[in-house]
A.B. asks: 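Below you'll find the structure I mean.
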There are 2 protein chains.
Amino acid sequence: METSLPSGHTPALPSGHTPAACRAREILERIGDKWSLYVISQLSDRTKRFNELKRDIDGISQRMLTVTLRGLERDGIVSRTMYPVMPPRVDYTLTPLGRTLLDTVGFLIHWAEEHVEEIETTRALYDTRVERFHTPE
Amino acid sequence: METSLPSGHTPALPSGHTPAACRAREILERIGDKWSLYVISQLSDRTKRFNELKRDIDGISQRMLTVTLRGLERDGIVSRTMYPVMPPRVDYTLTPLGRTLLDTVGFLIHWAEEHVEEIETTRALYDTRVERFHTPE
DNA sequence: CCGCATCCCTTAGGATACTG
DNA sequence: CAGTATCCTAAGGGATGCGG
């Protein structure tokens, strides 16, 4: 297993011609959904409990946190430990597989925060241009 | 602007406590959707035309290619050049901003393909466990 | 405290047909 | 060739209430 980055241009993967690439999409959709990146990021430094995650990820609903965690657990990216105590206690932590995503996830979030201003400006410009085209007056 | 990877653990970003982080989510959703990663990847080595992309990205519909390209263009990740000829010709290429994503995109796709087997096995195992719980017999 | 079940609305996204 | 327009279904995702 090589962890080195395929620097520069990837050989422009077949993206569906081979069965493997086709199935890879399902996996990317898992971590590419609305919340997974943030859950992974929040677990980057240590194990956390359910409500701790809920507090730290601003705007996530209880339902979506559950759904997201289940998905990540199903894929073997997050592991779940339940302690049969009262009140219940559940710990979530990254698996070794999950940890292999940390650099990339960190980079993506970093990248997004770095370019927020730039992209929002570009968007605004684009939108006014399109508006001009569509409004008659 | 530092392009170096925040290796290991990110400082577990606030993910919404600051306005910047909150807005960053919208940007991540853009490249985290179903097709963007593949479009970016396909443009990694060179400019391509519309139908060329459509051919190369297996399974994408004409509509979704249009929608995805518009979104990427709006964010300044892809640039669009239209030649007023007959038949029409439109070229798509990555902007400098778009190129800064190449390593990460390449890594993600590579990562997904690398772990397809592993994850599918984990999924299947997880599903049978859950099934056991829910089916009475 | 953790989380499942339900309701319900919104969005994503595929199929198809038509245009400059 | 490179789209737009329309229709329609499935999935996403929030709110709320209940249960161990």
A.B. asks: Taking CE from Met64(B) and P from dA12(C), how many angstroms apart are they, rounded to a whole number?
C.D. replies: 8 Å
A.B. asks: Tell me, which pairs form a salt bridge (charged side-chain N to carboxylate O under 4.0 Å, His left out) where one or both residues lie in residues 33-44 of chain A, sequence neighbours left out?
C.D. replies: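 Counting only pairs at least two positions apart or across chains, the salt bridge (charged side-chain N to carboxylate O under 4.0 Å, His left out) contacts touching residues 33-44 of chain A are Arg30(A)-Asp33(A).
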A.B. asks: Take the protein atom CD1 of Ile60(A) and the nucleotide atom P of dG12(D), then report the distance between them rounded to whole Å.
C.D. replies: 14 Å
A.B. asks: Once you round it to whole Å, what is the distance between P of dC1(C) and CG of Leu53(A)?
C.D. replies: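 It is 14 Å, rounded to the nearest whole Å.
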A.B. asks: What is the distance, to the nearest angstrom, from the CG atom on Asp33(A) to the P atom on dA12(C)?
C.D. replies: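 Between P of dA12(C) and CG of Asp33(A): 14 Å.
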A.B. asks: For a quick test of reading the model: is some side-chain N or O of Lys34(A) closer than 4.0 Å to OP1 or OP2 of dG14(D)?
C.D. replies: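 So the side-chain polar atoms of Lys34(A) do come within 4.0 Å of the phosphate oxygens OP1 or OP2 of dG14(D), strictly under.
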A.B. asks: Distance check needed: dG3(C) P versus Tyr83(A) OH, whole Å only.
C.D. replies: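 Result: 13 Å.
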A.B. asks: Rounded to the nearest 0.5 Å, how far apart are CD1 of Ile31(A) and CD1 of Ile119(B)?
C.D. replies: 8.0 Å
A.B. asks: Could you tell me the separation between the CE atom of Met86(B) and the P atom of dA2(D), rounded to a whole number of Å?
C.D. replies: 11 Å
A.B. asks: Kindly compute the distance separating CG (Leu108(B)) from CG (Asp103(B)), expressed to the nearest 0.5 Å.
C.D. replies: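 It is 11.0 Å, given to the nearest 0.5 Å.
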A.B. asks: Return the angle between end axes of the helix from dC1(C)-dG20(D) to dG20(C)-dC1(D), with five pairs used per end and rounding to 10°.
C.D. replies: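 Here the helix ends are tilted 50° relative to one another.
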A.B. asks: Mind telling me whether Trp111(B) and His115(B) have parallel, tilted or perpendicular rings, with 30° and 60° as the class edges?
C.D. replies: tilted
A.B. asks: Apply side-chain hydrogen bond (donor to acceptor under 3.5 Å, both in side chains) to Glu117(B) and list each qualifying residue two or more places apart in sequence or on a separate chain.
C.D. replies: none
A.B. asks: Rounded off to whole Å, could you give me the CG-to-P distance for the Leu65(A) and dG13(D) pair?
C.D. replies: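 Taking CG of Leu65(A) and P of dG13(D), I get 13 Å after rounding.
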A.B. asks: Minimum heavy-atom separation for Leu101(A) to Ile40(A), with atom names?
C.D. replies: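 Between these two residues, the closest heavy atoms are CD1-CD1, 4.2 Å.
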A.B. asks: Atom CE of Met82(B) and atom OH of Tyr92(B): how far apart are they, to the nearest 0.5 Å?
C.D. replies: 9.5 Å
A.B. asks: If you only use heavy atoms from C-beta on, which nucleotide in dG20(D), dG14(D), dC1(D) is closest to the side chain of Pro87(B)?
C.D. replies: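 In terms of side-chain proximity for Pro87(B), the closest of dG20(D), dG14(D), dC1(D) is dC1(D).
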A.B. asks: Side-chain atoms of residues 60-70 of chain A: list all donor-acceptor pairs with protein atoms under 3.5 Å, sequence neighbours left out, distances to 0.1 Å.
C.D. replies:
unit_1: Ser61(A); atom_1: OG; unit_2: Met64(A); atom_2: N; d: 3.2
unit_1: Thr66(A); atom_1: OG1; unit_2: Gln62(A); atom_2: O; d: 3.0
unit_1: Thr68(A); atom_1: OG1; unit_2: Met64(A); atom_2: O; d: 2.6

A.B. asks: Please enumerate all residues that pass salt bridge (charged side-chain N to carboxylate O under 4.0 Å, His left out) together with Glu29(B), with sequence neighbours excluded.
C.D. replies: none
A.B. asks: Quick check on DNA chain C: between Pro88(A) and Glu29(A), whose nearest nucleotide comes earlier from the 5' end?
C.D. replies: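 In this pair, the answer is Pro88(A).
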A.B. asks: List every contact pair, protein side and nucleotides 3-7 of chain D side both N or O, where the distance is under 3.5 Å.
C.D. replies:
unit_1: dG3(D); atom_1: OP1; unit_2: Arg70(B); atom_2: NH2; d: 3.4
unit_1: dG3(D); atom_1: OP1; unit_2: Arg80(B); atom_2: NE; d: 3.4
unit_1: dG3(D); atom_1: OP1; unit_2: Arg80(B); atom_2: NH2; d: 2.5
unit_1: dG3(D); atom_1: OP2; unit_2: Tyr92(B); atom_2: OH; d: 2.6
unit_1: dG3(D); atom_1: N7; unit_2: Gln62(B); atom_2: OE1; d: 3.1
unit_1: dG3(D); atom_1: N7; unit_2: Gln62(B); atom_2: NE2; d: 2.5
unit_1: dG3(D); atom_1: O6; unit_2: Gln62(B); atom_2: OE1; d: 3.3
unit_1: dT4(D); atom_1: OP1; unit_2: Arg70(B); atom_2: NH2; d: 3.4

A.B. asks: Roughly how many Å is it from CD in Glu52(A) to P in dC1(C), rounded to a whole number?
C.D. replies: 12 Å
